[in-house]
Amino acid sequence: MIKKILGIVIIIIVLFIILLPIFVYYNALSYIDNYPQKVSSSITETDFEKKWELYEPNIDIDEFHKLTPYWMYKWLMGGILSCSNENINEFPFTDMSIMASKIAIYHMRETNVVENTKVSATWHVVHMNLSIWIQRNWNKKEILSYYENIVLNH
């Protein structure tokens with residue numbers, strides 16, 4: 001009987017671990033009434049590569065779109081581990097786009113997301129998931145164009 005209960009508990013925990021990031025992702029995105037709109041790009045491939053290296057020195061161009069809502073676990077661990085890190089200003093992740101993150105912050109500040117997320121933890125979770133959404137749904141040139149044309153000019 002105990003083995004059966006233990007088995008059920010283990011199954012519930014595994015399902016929770018598997019389903020939690022998906023639930024958090026869609027729940028966080030529900031705070032956003034309108035998503036950032038892509039801007040047109042006329043950037044050349046040579047300029048793109050130079051600017052990518054400048055703005056995204058740590059992210060691999062070929063691994064860019066592989067980010068999923070399960071990245072939440074890495075984000076949480078990074079937050080926990082950064083509490084003991086002396087270099088708190090360093091961006092601790094090599095798979096999250098700094099530009100996508102800054103686009104998400106800019107968009108959240110310019111829209112009603114700030115009003116919808118009155119609790120700081122909610123704001124941070126929405127920011128993380130909007131960053132993931134941007135990185136998964138926009139290509140690299142679209143992110144670079146928006147970042148240069150909108151974020152850096154404001």
- Item | Shortest non-hydrogen contact between W138 and P36, atoms and distance | CZ2-O, 3.3 Å
- Message: Can you tell me how far apart NZ (K66) and CD (Q135) are? Round to the nearest 0.5 Å.
- Response: 12.5 Å
- Message: Using every non-hydrogen atom in the two residues, find where S101 and H127 come nearest and quote the distance to one decimal.
- Response: OG-NE2, 2.9 Å
- Item | Distance in Å, M128 CE paired with W123 CH2, rounded so as to fall on 0.5 Å steps | 12.5 Å
- Just how far is it from atom CE of M72 to atom CG of L67, taken to the nearest 0.5 Å? 12.5 Å
- Query: Cluster question for you: counting only ILVMFWY and a side-chain heavy-atom cut-off of under 4.5 Å, with indirect links fine, are I12 and I10 together?
  - Reply: no
- Please check if atom OH in Y35 has more than 12 non-hydrogen atoms from other residues, nucleotides or ligands closer than 6.0 Å. yes
- Message: Under the criterion side chain to side chain contact (heavy atoms under 4.5 Å, CB included), I'd like the reasoning laid out for T111 against I32: C-alpha separation, chi angles, the key distance, then a yes or no.
- Response: CA-CA 9 Å; T111 61; I32 300 167; 5.9 Å; no
- Query: Quick one: do M1 and I8 end up in the same hydrophobic cluster if we chain Ile, Leu, Val, Met, Phe, Trp and Tyr together by side-chain heavy atoms under 4.5 Å apart?
  - Reply: no
- Message: Can you confirm whether Y70 is buried at OH, in the sense that more than 12 heavy atoms of other residues, nucleotides or ligands lie under 6.0 Å from that atom?
- Response: yes
- Message: Rounded at 0.5 Å granularity, tell me how far OH in Y146 sits from CD1 in I134.
- Response: 7.5 Å
- Query: Where do I143 and I103 come nearest, in terms of heavy atoms and distance?
  - Reply: O-CD1, 3.6 Å
- Heavy-atom closest pair (Y31 atom, N27 atom, distance to 0.1 Å) is CD1-O, 3.4 Å
- If the plane angle is over 60° it's perpendicular, under 30° parallel, otherwise tilted; pick one for Y147 and Y55. perpendicular
- Should F16 and I5 be regarded as members of a common hydrophobic cluster, given that ILVMFWY residues are connected when their side-chain heavy atoms come within less than 4.5 Å of each other, either directly or indirectly? yes
- Taking NZ, NE, NH1 and NH2 as the nitrogens, is one of them in E49 or K140 under 4.0 Å from a carboxylate oxygen of the other? no
- Determine whether V24 and N129 make a side-chain contact, defined as any pair of heavy atoms from C-beta on separated by less than 4.5 Å. yes
- Message: Closer than 3.5 angstrom, by distance alone: can the side chain of H107 be matched with the main-chain N or O of N34 as a donor-acceptor pair?
- Response: yes
- Item | Approximate separation, where rounding is to 0.5 Å, of I17 CD1 and Y73 OH | 6.0 Å
- List the steps, then state whether side chain to side chain contact (heavy atoms under 4.5 Å, CB included) holds for T68 with R136. CA-CA 8 Å; T68 69; R136 290 177 58 84; 3.5 Å; yes
- Task: Please answer: with hydrophobic residues joined when any side-chain heavy atoms are less than 4.5 Å apart, are L20 and I11 in the same cluster?
- Result: no
- Item | Interatomic distance, K38 atom NZ to N139 atom CG [nearest 0.5 angstrom] | 7.0 Å
- Item | Residue pair M99 / W52, side-chain heavy-atom distance below 4.5 Å | yes
- Shortest non-hydrogen separation from P69 to P21 and the atoms involved: O-CB, 3.4 Å
- Shortest non-hydrogen contact from I43 to K141? O-NZ, 3.9 Å
